[in-house]
**Student:** 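A single structure is presented below for examination.
In what follows, chains carry the letters A, B, and so on, assigned in the order in which the sequence lines appear, proteins first and then strands, with residues in each chain numbered from 1.
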Amino acid sequence: MHIRTRFAPSPTGYMHIGNLRTALYTYLIAKHSGGTFILRIEDTDQKRNQPKAVQAIYDSLGKAGLIYDEGPGKDGGHGPYVQSQRLPIYRKHALELVEKGHAYYCFCQKSETEPEDEENHPEITRDPCRDLPQAEVQAKLESGLVPAIRQRIPEGGSTTFNDIIYGDITFENSQLDDQVLLKSDGFPTYNFANVVDDHLMDITHVVRGQEYLSSAPKYDLLYKAFGWEIPAYIHLPLIVKEDGTKLSKRRGDPTFEDLMKMGYLPEAIVNYVALLGWNPGTEQEFFTLEDLVEVFDMHRINKSPAAFTLEKLTWFNGEHIRKLSPQAFHQLALPWYPESIRQLDLEKLSQVIQIRTEKLGNIPEMVAFLGELPSYEVDLFENQKSKSTLISSKQILEAVIPLLEKLETWDNASLFTVLKEYARESAQKTGTVMWPIRTALSGLAATPGGATELADLLGKKESIHRLKRGLAKLIVSSMDISFG
RNA sequence: GCCCCUAUAGUCUAGUGGUUAGGACGCAGCCCUUUCAAGGCUAAAACCCGGGUUCGAACCCCGGUAGGGGCACCA
């Protein structure tokens, strides 16, 4: 069987994490078996439609690496792939159902119930137009009233549909409402357009969020009314926040685009999100998109909702950053370096920070001290673990500055050799010697890279300058002490 | 309110009648070390509750509870 799946977003201007995962799984289900992945734009809500938002979908899918085989601009014989360009198709099919008796005209005014009325949902009642005599329908039509078309749910009985993840699910028909198929503005509703397009586009596996589970029986009824073959359903568990509530851009939860702006790699986001609701059955966690295509098995998708947390995503991001070639990392890091350090050897800097970068967004903060020495307290020179005190620090800097001033080759290896040798001769731990140097060079308790790496990056002139300032600080402090 | 879905550590998860309940993130400690990372090791931490079925239940059945989703001429 040649699998055909489709990702069918509505253009909202950004990609939710949940949408990204739906797109990913939809892509993987098709690609794992060499099938076809289709993009369809669901812009049936005129009020919400934003043309620019369509471009955002292309951009995000491209970043994620989810290349579609068929879709806008890539006709595979099932186009057009933008629903607003398919209006006559929906009308034709809606009328077909009216003729067959599976749908009917509804002349009611658009219901005024506000969506905010979450507390007060009326019981399912059949629409009064459902049983309008033919003559009356004809008369209303001729008088120029523009009707909507509603699905006629069978009286009584129940509908059972099958989902690959959830198995058989049964709904009483009395629980299903006569949903609108074609709005009075001539646009189809989401549910109707989906059924028609999925059939016409030969979609074999319908992949969507679990929020659509309860509309699935109405889909089955529609397929049966048309006499069409029912596709396989795959409803995906929701992605929620740690507190169990759903992710929402309004409440400040990051979208795919937001995460990339924060310095998360698309590969890492894809890797993380793939494991939210699915696992390979092995203990492997690091995956590239190609790996996922290889091992993805839709039958291992979970039923229960998964919480999205930045913590584990951040770890994945670090993993993906470490796997990058030094050149690739450098290119990604470059835009994040502040103006104040542009004169440094940034390629060398990239090599030093790659292993310590878990998020590109941390880079500016991580390297700021290279541009300007932060102000720091003298007690930063004290460190128990390194056996470093104000006195030892002062002595070491006094001894080491002249040594370094004489040094001709200024690089990490030479610096380390000289300082290590000094430590050996003066019978001190390497760490004791390095501590005051690193401290004076950075003004920080923790830095990416050790003393000699920082000196290498800063260059001889700036390094000596910073060391002397550190020494001055220590001298002033020792005088304060002696004067009480 | 009605319908549907779900339930293993704080989080992501493995597990399909017999396991010392496995892995990962995070957290804590130790080692390594030129601070920090990275790496290595160790620790703490879980089967929602109650009934069955069974020689034996995380696993099967029933009932609760909790959480989530749906109930628009939105998608």
**Student:** Got a list of protein N/O to nucleotides 14-16 of chain B N/O distances below 3.5 Å?
**Tutor:**
residue : atom : partner : partner atom : Å
B:rA14  : OP1  : A:N279  : ND2          : 2.6
B:rA14  : OP1  : A:N302  : ND2          : 3.2
B:rG15  : OP1  : A:R300  : NH2          : 3.3

**Student:** Partner lookup for B:rC48, please. Criteria are Watson-Crick or G-U wobble with both distances under 3.5 angstrom; report none if nothing qualifies.
**Tutor:** B:rG64

**Student:** Consider the side chain of A:A446, meaning its heavy atoms from C-beta on, and name the nucleotide among B:rA38, B:rC73, B:rC36 that approaches it most closely.
**Tutor:** B:rC36

**Student:** Output side-chain donor-acceptor pairs under 3.5 Å for residues 306-315 of chain A, partner residues at least two apart or in another chain, one line each.
**Tutor:**
residue : atom : partner : partner atom : Å
A:K312  : NZ   : A:E285  : OE2          : 3.0
A:T314  : OG1  : A:Y264  : OH           : 2.9
A:T314  : OG1  : A:L310  : O            : 2.6

**Student:** What does A:A307 touch in the nucleic acid at a heavy-atom separation under 4.0 angstrom: a base, only the sugar-phosphate, or nothing?
**Tutor:** sugar-phosphate

**Student:** Between B:rG69, B:rC73, B:rU34, which nucleotide has the shortest distance from any of its atoms to the side chain of A:K246?
**Tutor:** B:rG69

**Student:** Any side-chain heavy atom of A:P147 sitting closer than 4.5 Å to one from A:K140?
**Tutor:** no

**Student:** Nearest to the side chain of A:R356, heavy atoms from C-beta on, is which of B:rU34, B:rU35, B:rA75?
**Tutor:** B:rU35

**Student:** Have A:Y90 and A:D197 got a donor and an acceptor in their side chains that come within less than 3.5 Å?
**Tutor:** yes

**Student:** Please state whether the base of B:rC73 and the side chain of A:S184 form at least one donor-acceptor pair under 3.5 Å?
**Tutor:** yes

**Student:** Find out whether the Lys NZ or Arg CZ of A:K323 is both under 6.0 angstrom from the six-membered ring centre of A:F286 and within 45° of the ring's axis.
**Tutor:** yes

**Student:** How do A:T245 and A:D168 order along RNA chain B: which one's closest nucleotide is nearer the 5' end?
**Tutor:** A:D168

**Student:** Just N and O in the side chain of A:K183: are any of them under 4.0 Å from OP1 or OP2 of B:rC74?
**Tutor:** yes

**Student:** Going by centres under 5.5 angstrom and planes under 30 degrees, do the aromatic ring of A:F416 and the base ring of B:rU34 stack?
**Tutor:** yes

**Student:** Cation-pi between A:K473 and A:Y376: NZ/CZ under 6.0 Å from ring centre and within 45° of the ring axis?
**Tutor:** yes

**Student:** Ring-plane angle category for A:F107 and A:Y105, please: parallel below 30°, perpendicular beyond 60°, tilted otherwise.
**Tutor:** tilted

**Student:** Determine the interatomic distance between P on B:rA38 and the same-named atom on B:rA46; round to the nearest Å.
**Tutor:** 26 Å

**Student:** Against the six-membered ring of A:Y219, is A:R208 placed for a cation-pi contact (under 6.0 Å from the centre, within 45° of the normal)?
**Tutor:** yes

**Student:** Scan nucleotides 25-30 of chain B against the protein and return all N/O pairs shorter than 3.5 Å with their distances rounded to 0.1 Å.
**Tutor:**
none

**Student:** Determine which nucleotide pairs with B:rA24, using a 3.5 Å limit on both distances of a Watson-Crick or G-U wobble pair.
**Tutor:** B:rU11

**Student:** So, is A:T309 near the phosphate of B:rG10, with a side-chain N or O under 4.0 Å from OP1 or OP2?
**Tutor:** no

**Student:** With heavy atoms under 4.0 Å as the rule, sort A:A306 into base, sugar-phosphate or nothing.
**Tutor:** sugar-phosphate

**Student:** Using the C1' atom as the reference point in each nucleotide, state the distance between B:rC61 and B:rA45 in Å, no decimals.
**Tutor:** 31 Å

**Student:** Name the orientation class of the two ring planes belonging to A:Y233 and A:F161 (parallel below 30°, tilted from 30 to 60°, perpendicular beyond 60°).
**Tutor:** perpendicular

**Student:** Which of parallel (below 30°), tilted (30 to 60°) and perpendicular (above 60°) describes A:Y25 and A:F296?
**Tutor:** tilted

